[in-house]
Amino acid sequence: MLGQPVYILTPDVVGVELTGSLPEGVTATDLVLAVTEMLRRQKVVGSFVEFFGEGTASLSVTDRATIANMAPEYGATMGYFPVDAKTVEYMRSTGRSEEECEWFEAWFRSQKLFGIPSAGDIDYTRVLRLALGDIVPSLAGPKRPQDRIALPDMRTSFARQFAQSTADGGFGRSAGELSKRVGSGRDGIDLGHGDVLIAAITSCTNTSNPAVMLAAGLLAKKAVARGLAVAPHIKTSLAPGSRVVTDYLSAAGLLEPLQQLGFALAGYGCTTCIGNAGDLADAFNDAITAEHLVVAAVLSGNRNFEARIHPNIRANYLASPPLVVAFALAGRCNIDLTTEPLGTDRDGVPVFLRELWPSSDEIAELLPLATRPSDYQARYRDLSRDQDLWNAIDGGDGDVYAWPESTYIAEPPFFDRFSLEPPPVTPIEGGRALLLLGDSVTTDHISPAGAFGEQTPAGQWLRAQGVERKAFNSYGSRRGHHDVMIRGTFANVRVRNMMLPADESGARPEGGFTLVDGRQTTVFDAAEHWREQNVPLLVFAGEEYGTGSSRDWAAKGAALLGVRAVVARSFERIHRSNLVGMGVLPLQFLGEESWQSLEIDGSETFHLAGVDGALEPRARLQLTVERSNGQRRQIELLVRIDTPIEATYYRHGGILPFVLRQLLT
């Protein structure tokens, strides 16, 4: 990054032996959800994960890529597959020249890296095993990618989660409400708990796999032939990562039936998976919020963290593309599609998923259409071809950007008060807690990417600049402007700050709020209050802090809010590194200690000594907790600056000022 080498500690290498082969009707998405569940449970954060064994050799390269691309979801630094003959053949089929393929294979053979290892060939740090024959059709959700649900269990899983307390990760509703339906005020459409309102075939992981995309098209074709349709109030979309996908779907005659079910091409790249599905109709939003409905999205994405897909959709499930089509047809997620019909055909006959599900032979017959070298060569030879809108943009010229007035992009304040000599790193004295957070706080909780409303700090700022609500767009589209993004930090509508008092059921208020001297206010306003008093801030959290995508604004926003340190039970690798890169100190509790066991409630002041220019990687520091009654307690924390270069970045106030000083001197 920024011309700097990437330094990491020598990782553990976890070997995952795959045995057997996938059963008929099971997709690569089903496999990756099982892998994600297993590896999260095995805590592979910071590890390299290599897949090996005869089951690995049986997988196609695109199936392997589906698994490897989910590494952030199972927490590994990387998940990878050795190169073999299938890899070389994939290169040929996607347009590489014969000379390139020969050189590629020769290099890996010369390094003795060619071929899938068998059991016992490699001395891994530890070995995990997964039988492909045990994989079953599955979804994951409603809040995390590792929470896999076998397809037959979807109805009971939703009902259980619906009635489970929010303190235990559920929705905290009365079981008797599950069947409630309410009018939406639009075209006679009524809504109920479990209804699917967004169904999207999207994401880099799944739309790069022709087998699951063709399966979705074949299922759609059979559904259309039986006269099935998706209800018009369900927001459906198709957003592959490459134009080649629409080429082979069209050649197979499958693009049209997908369109007939509403899965028309919406664009290419990140859409629903990053919160870019667009808003629901106002009538639906009003009904959902007024009646506290738990409605659902089903998408073939990588991530389904809280409020990521849409602020008002609480239940979000990851699924293979054909299952996305199936749940769109069913119209609800609280259904067992192995025993209950998707709907009825034009003759009133129930239609079951098993009748529409394509066989492996049907998919294999069409796969050659997805591996025509000429398609890839035509699409990737000139990426700017047929991009008239993009090509018409005036990029300006000159060596220095002029920073024209804009609410989308502005000169960031990271170099304010910059000096050639880094200022001394000072201890944290009289610090206050900005938030007390639980486990599995994601980068979406810290820095959401989706839509936001007028009452949020970011929305109020945009309105003050004369921007109408309909032009707000999303946090992700406005990440070039720090005044929006700092106001969006910790502003996710589902973030739960444990400083706020719980109600009788144990539920905490949701949203970007905190306490200042006992008064509830937004996180942004609280940070501004403490900034005016020159008070440093700390964030306390539990396990797996910073899971999810490597969103730089999750660290940038924290730094701009005045957060000097994050104290957590454990950190996700990328976010920990990003915090250091922004000059925020990651500190880890030792043993079984946590902010809960220490009975921290947010009224305390904190003092951290030893934060100076001599700070060493993996050092131990003493945090003094001073309670409001004057009592003091000292706890030892582990500094999660892991390498000497990270210590250097931290002493410079982050990687940005460090690199600038390197350039100027």
Side-chain angles (χ1 to χ4, degrees), residues 22-34 37 134-142 145 147-162 178-179 192-201 206 211-231 233-236 257-258 261-263 294-301 304 313 315-346 348-360 362-363:
L22 289 174
E24 177 69 23
V26 173
T27 69
T29 312
D30 303 318
L31 172 57
V32 79
L33 295 180
E37 176 188 44
D134 293 340
I135 306 302
V136 297
S138 301
L139 296 88
D147 297 329
R148 187 184 63 84
I149 306 164
L151 183 62
D153 298 334
M154 276 295 293
R155 171 189 275 278
T156 55
S157 174
F158 184 86
R160 182 174 59 252
Q161 194 92 17
F162 183 79
L178 188 55
S179 60
H193 300 294
D195 283 9
V196 172
L197 287 189
I198 291 180
I201 301 174
N206 285 286
V212 294
M213 296 300 290
L214 291 167
L218 286 165
L219 193 149
K221 183 177 181 179
K222 295 181 180 184
V224 169
R226 293 288 298 272
L228 297 182
V230 174
H233 68 277
I234 299 175
K235 194 164 203 172
T236 48
L258 282 167
L261 294 183
F263 292 94
V294 180
V295 295
V298 183
L299 63 149
S300 65
N304 56 337
I313 294 183
N316 299 280
Y317 296 95
L318 305 182
S320 65
L323 279 181
V324 170
V325 176
F327 276 93
L329 289 165
R332 57 192 176 98
C333 68
N334 51 341
I335 184 173
D336 175 6
L337 288 183
T338 64
T339 60
E340 299 178 68
L342 292 166
T344 55
D345 65 14
R346 57 177 59 91
V349 177
V351 179
F352 291 87
L353 179 61
R354 59 181 175 270
E355 301 174 62
L356 306 183
W357 197 263
S359 69
S360 56
E362 290 176 292
I363 296 169

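One is the number of the first residue; the rest follow in order along the sequence.
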- Where do E37 and D147 land on the side chain to side chain contact (heavy atoms under 4.5 Å, CB included) test, with the steps shown first? CA-CA 6 Å; E37 176 188 44; D147 297 329; over 6 Å; no
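- Side-chain atoms of T27 and D30 form a donor-acceptor pair, as typed in the model, at a separation below 3.5 Å.
- Minimum heavy-atom separation, R346 to G227: NH2-CA, 3.3 Å.
- A side-chain donor-acceptor contact under 3.5 Å links E355 to the backbone of F352.
- Judged as a salt bridge (Lys or Arg N to Asp or Glu O under 4.0 Å), and not counting sequence neighbours, the contacts of D345 are R226.
- V26 is not listed as a side-chain neighbour of L31, based on a closest heavy-atom distance of 4.5 Å or more.
- Counting all heavy atoms, side chain and backbone alike, V230 lies closest to A328 at CG1-O, 3.7 Å.
- Between L258 and A220, the shortest heavy-atom distance links the atoms CD2-CB, 3.7 Å.
- Of the residues listed (I198, N304, V294), the one engaging I313 in a side-chain contact (heavy atoms from CB on, under 4.5 Å) is I198, and it is the only one.
- Residues V351 and L356 are in side-chain contact: their nearest non-hydrogen atoms beyond the backbone lie under 4.5 Å apart.
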- Task: Under the side chain to side chain donor-acceptor pair (under 3.5 Å) rule, what do N206 and T29 come out as? Steps first, then yes or no, please.
- Result: CA-CA 7 Å; N206 285 286; T29 312; 2.5 Å; yes
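- Nearest heavy-atom pair across A215 and I363 is CB-CD1, 3.8 Å.
- Between L139 and M154 the shortest side-chain heavy-atom distance falls below 4.5 Å.
- In this structure, the side chains of R155 and R332 come closer than 4.5 Å at one or more pairs of heavy atoms.
- Residue S157 holds its OG atom at 3.5 Å from CD1 of I149, rounded to the nearest 0.5 Å.
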Distance-only check: which donor-acceptor pairs under 3.5 Å involve side-chain atoms of residues 317-327, not counting sequence neighbours?
from : atom 1 : to   : atom 2 : distance (Å)
S320 : OG     : L323 : N      : 3.4

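- Contact between A296 and G194 at its shortest, heavy atoms only, is CB-O, 4.3 Å.
- Residues M213 and I201 have side chains in contact (heavy-atom distance under 4.5 Å, counting atoms from C-beta outward).
- Under the rule for a salt bridge (Lys or Arg N to Asp or Glu O under 4.0 Å), the partners of E362 that lie at least two apart in sequence or sit in another chain are K222.
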- Tell me, with the steps shown, if D153 and T156 meet side chain to side chain donor-acceptor pair (under 3.5 Å). CA-CA 6 Å; D153 298 334; T156 55; 4.7 Å; no
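- Side-chain contact check for T338 versus L353: every heavy-atom pair is 4.5 Å or farther apart.
- Of all the heavy atoms in G331 and I234, the pair that sits closest is CA-CD1, 3.8 Å.
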- Could you go step by step and tell me if H233 and L197 meet the side chain to side chain contact (heavy atoms under 4.5 Å, CB included) rule? CA-CA 7 Å; H233 68 277; L197 287 189; 3.5 Å; yes
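- Here the CG-CG distance, from N334 to D195, works out to 7.5 Å after rounding to the nearest 0.5 Å.
- Inter-residue side-chain proximity for V136 and R148 is flagged as met; some heavy-atom pair is nearer than 4.5 Å.
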